[in-house]
Amino acid sequence: MVEPVINSPWATRTSGSRDRELKRQAVLDAAVRLFNEKGFQSTSLDDVAGALQVTKPTIYHYFASKDEILFECVRLGLEHIRRAVESASTGSSSGLERLKTLIHEYALVKTRNFGICVSRTTDDQLSSASRLHFRALKREINQLLQNVIVASVADGSVRPVDPRLTAFAVAGALNWIAHWYRPDGGMAPEAIADGMVEMLVSGLAPRA
């Protein structure tokens, strides 16, 4: 039995574009929680509808298919990551300080449902068109991360490292959070983010 979503927007009768957006987001919130808990293949649209206490045809007013819902979930997750990385790309602080901020915010995203969904979704679960978009978004994020690393090396706040290899190593460690993090696991998101900053940056700071 699927646990219903609290405060479903279908509980009240409203109309308009704002109402539609709230309901569309509610579908995504319910779906991403179920995808993360049960897996994409094991989650049906009936499950999503049950969580929202609506009928399955209601879901089709907002999304054409379960595949479309999955792609929108991972797109949102990647957008959250992209904003975290992009926000650290500019500023007057040193490259290392911006890199610390980036790692911290990226780690926090990976403890939230849409960020978790990105890491738990494999290419073969997406349609061909969605897969190409998914990969393009990930490449964009990786390039932004590399740019911050290059800038950090250039200003001397990070020791000389290979930007591509370092970006893969940092992103790999951060993305893996989504595979082991549990809200009831005894580690708060902020503590995880602080710990990842300390561990990852220790290998990048200039050495005496």
Side-chain angles (χ1 to χ4, degrees), residues 28-29 32-40 70 72-123 125 134-208:
L28 295 173
D29 289 339
V32 75
R33 177 171 63 83
L34 291 168
F35 293 160
N36 291 343
E37 290 176 358
K38 301 176 59 177
F40 175 71
L70 176 64
E72 186 61 13
C73 287
V74 297
R75 188 196 68 77
L76 283 173
L78 286 169
E79 177 60 22
H80 295 164
I81 296 168
R82 188 189 66 78
R83 287 204 300 265
V85 174
E86 197 171 51
S87 66
S89 300
T90 58
S92 57
S93 57
S94 71
L96 180 60
E97 289 304 313
R98 284 185 279 124
L99 192 56
K100 288 179 180 179
T101 299
L102 183 158
I103 293 171
H104 187 275
E105 295 306 307
Y106 196 136
L108 287 179
V109 172
K110 284 299 172 178
T111 66
R112 299 166 185 159
N113 276 331
F114 291 106
I116 289 171
C117 190
V118 172
S119 291
R120 296 186 184 180
T121 298
T122 56
D123 283 6
Q125 292 174 312
F134 183 54
R135 290 173 178 173
L137 288 171
K138 289 200 293 186
R139 284 196 300 271
E140 179 185 358
I141 291 168
N142 180 266
Q143 187 59 57
L144 288 169
L145 176 54
Q146 286 190 49
N147 292 345
V148 175
I149 294 168
V150 168
S152 302
V153 172
D155 71 13
S157 59
V158 163
R159 66 186 180 85
V161 293
D162 182 290
R164 187 164 179 263
L165 179 60
T166 304
F168 284 144
V170 169
L174 295 171
N175 289 334
W176 200 251
I177 292 171
H179 293 281
W180 56 258
Y181 170 72
R182 296 293 181 272
D184 58 354
M187 293 185 69
E190 279 289 342
I192 291 171
D194 290 342
M196 294 302 289
V197 169
E198 183 179 354
M199 285 187 289
L200 293 173
V201 168
S202 66
L204 296 172
R207 297 173 180 174

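In this text the structure is predicted, and so the values were computed from the model without any measurement.
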Just wondering, do [Y] and [X] contact through their side chains at under 4.5 Å, heavy atoms?
X: R112; Y: Y181; answer: no
X: C117; Y: L70; answer: yes
X: E72; Y: L76; answer: yes
X: Y106; Y: T101; answer: no
X: L34; Y: F40; answer: no
X: I81; Y: K110; answer: yes
X: L99; Y: L145; answer: yes
X: I192; Y: M196; answer: yes

For [Y], is there any backbone N or O sitting under 3.5 Å from a side-chain donor or acceptor partner on [X]?
X: S87; Y: A84; result: yes
X: N113; Y: R33; result: no
X: D155; Y: G95; result: yes
X: R98; Y: V148; result: no
X: T111; Y: L108; result: yes
X: Q125; Y: T122; result: yes
X: S157; Y: V153; result: no

If I take atom [atom1] from residue [X] and atom [atom2] from residue [Y], how far apart are they, to the nearest 0.5 angstrom?
X: I149; Y: L204; atom1: CD1; atom2: CG; result: 7.0 Å
X: H104; Y: E190; atom1: NE2; atom2: CD; result: 4.0 Å
X: C73; Y: L28; atom1: SG; atom2: CG; result: 5.0 Å

Presence of salt bridge, R82 and E79, under 4.0 angstrom: yes
Within 6.0 Å of CD in Q143, more than 12 heavy atoms from elsewhere: yes
Stepwise salt bridge (Lys or Arg N to Asp or Glu O under 4.0 Å) check, K100 with E97: CA-CA 5 Å; K100 288 179 180 179; E97 289 304 313; 3.3 Å; yes
Among Q146, R139, K138, side chain to side chain donor-acceptor pair (under 3.5 Å) partner for N142: Q146
T166 vs R164, side chain to side chain contact (heavy atoms under 4.5 Å, CB included): CA-CA, chis, key distance, verdict: CA-CA 5 Å; T166 304; R164 187 164 179 263; over 6 Å; no
Steps toward side chain to side chain contact (heavy atoms under 4.5 Å, CB included) verdict (F114, V74): CA-CA 6 Å; F114 291 106; V74 297; over 6 Å; no
